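Taking it in order: structure first as structure tokens, then the write-up.
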Amino acid sequence: MSERRRTPRPTKRYPWQRPAGADATPRPAPGPRRGEPPAASADGAPPEIDERSVVDAAVYRGGRRVGTPDSLAATYRRLREETGAMAWIGLYRPSEAELLSLAEEFDLHKLAIEDALEAHQRPKLERYGETLFVVLRAARYLDAPEEVDFGELHVFVGPDFVITVRHGAAPDLSAVRARMESTPELLALGPEAVLYAILDAAVDGYAPVVAGVQNDIDEIETEVFRGDPEVSRRIYELSREMVEFQRATRPLVGMLHGLMAGFDKYGTDEELQRYLRDVADHVTHTSERVDGFRSALTDILAVNATLVTQQQNAEMRALAEAGFEQNEEVKKISAWAAILFAPTLVGTIYGMNFTHMPELRWVWGYPFAILLMAVVCVSLYIIFKRRDWL
């Protein structure tokens, strides 16, 4: 992008700024135009903007910091005073008033401002006139809970300004700023160089995540073949994180190819072109690794389901065998109980002491009773033996 001096632009109207007279609800006045001081309130005091979300605001010229204003208004003034300068403003979850102030000063498109306010956007790259709007999903690996934490970053890149709006802990833009300030020859290439550094930091931040996920997958494979009952839950949670990781990395491939397609049209520096191609290669590699992780987790989940099914079948088979053995023992016990019940029945009948009982005084009564018990027991034994109960 070539540098230029901006001229005052007509005041834009955003969706949240309704036409006067639409209703009786008071509305905030639009921000000042470029080069105008902030409008005073009804009592004469200047309007107040809570700027606690401003992490750092600096003005650079020739790749070196020439000013560190303490407010957005001071940044605007210093940028106007410095010929050929560039402003780099870093915000963390800014308020609507801050974004409206930036929109009025740098002529940011209303749709981009809405996206920056709402967050939860997919990664994308859009061009509004001379301003690029980039949405990135940064990631970092948390060792303690073994989870992937995702953050959202919005970047506005204009002819002489870069505005970053973070909605998460990652990436660490202070390190990006320090890196750029330590290489003034790169920073002197302008806002596109800052965009490259931010893209490079976001992509480099994926490397520890890839390493952490690879380690998790190796552990999961061990747990699967060890038969850990909690491994299914871990596979499912990691699979969900890989879906989010895919959503963060896959669009970046197309975004960087879109940037590279505009190298000639927008006169991008050759050295910067090489850097951006390197970032594109890293993004492609990371995206392929993430796709491989998701495929591997799908296969591991299938293997785990197979192993669980086999284990359940083995347990059911063992239960069936135990039931069969128990049934065999019951049959044996029942058979012997029936055999022993026959003589007990005969002995019980002849053991009753009645005076007028048949065969009570019969001489062959005792041998007959013994013979009867023996015949019944032998008969039952033969029957049960033929039926494999004994």
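Worth saying up front: this structure is predicted, and the values here are computed from it rather than measured. Hydrogens, waters and symmetry mates are skipped; everything else that's a heavy atom, side chains included, is used.
- Comment: Asp291 engages Arg250 in a salt bridge, judged by a side-chain N to carboxylate O separation of less than 4.0 angstrom.
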Stepwise salt bridge (charged side-chain N to carboxylate O under 4.0 Å, His left out) test for Glu321 and Arg317: CA-CA 6 Å; Glu321 292 176 354; Arg317 190 182 304 110; 5.4 Å; no
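- Between Val165 and Pro94, some side-chain heavy-atom pair lies under the 4.5 Å cut-off.
- The closest side-chain donor-acceptor pair between Tyr141 and Asp216 falls under 3.5 angstrom.
- At least one side-chain heavy atom of Trp88 sits less than 4.5 Å from a side-chain heavy atom of Thr164.
- Between Arg234 and Asp228 there is no salt bridge, since none of the side-chain N atoms of the basic residue sits less than 4.0 Å from a carboxylate O of the acidic one.
- Annotation: side chain of Thr222 is not in contact with side chain of Asp218 (no heavy-atom distance under 4.5 Å).
- Ionic pairing of Glu244 and Arg247 is present here: one or more N-O contacts between side-chain nitrogen and carboxylate oxygen are shorter than 4.0 angstrom.
- Of the charged side-chain nitrogens involved, none lies within less than 4.0 Å of a carboxylate oxygen, so that Glu223 and Arg226 do not count as a salt-bridged pair.
- Between Phe245 and Tyr206, the ring planes lie perpendicular to each other; the angle is over 60°, past the 30° to 60° tilted range.
- Relative ring orientation between Phe133 and Phe156 is described as tilted, the plane-to-plane angle lying within the 30° to 60° band.
- The local environment of CZ in Arg387 is sparse, with at most 12 non-hydrogen atoms from other residues, nucleotides or ligands closer than 6.0 Å.
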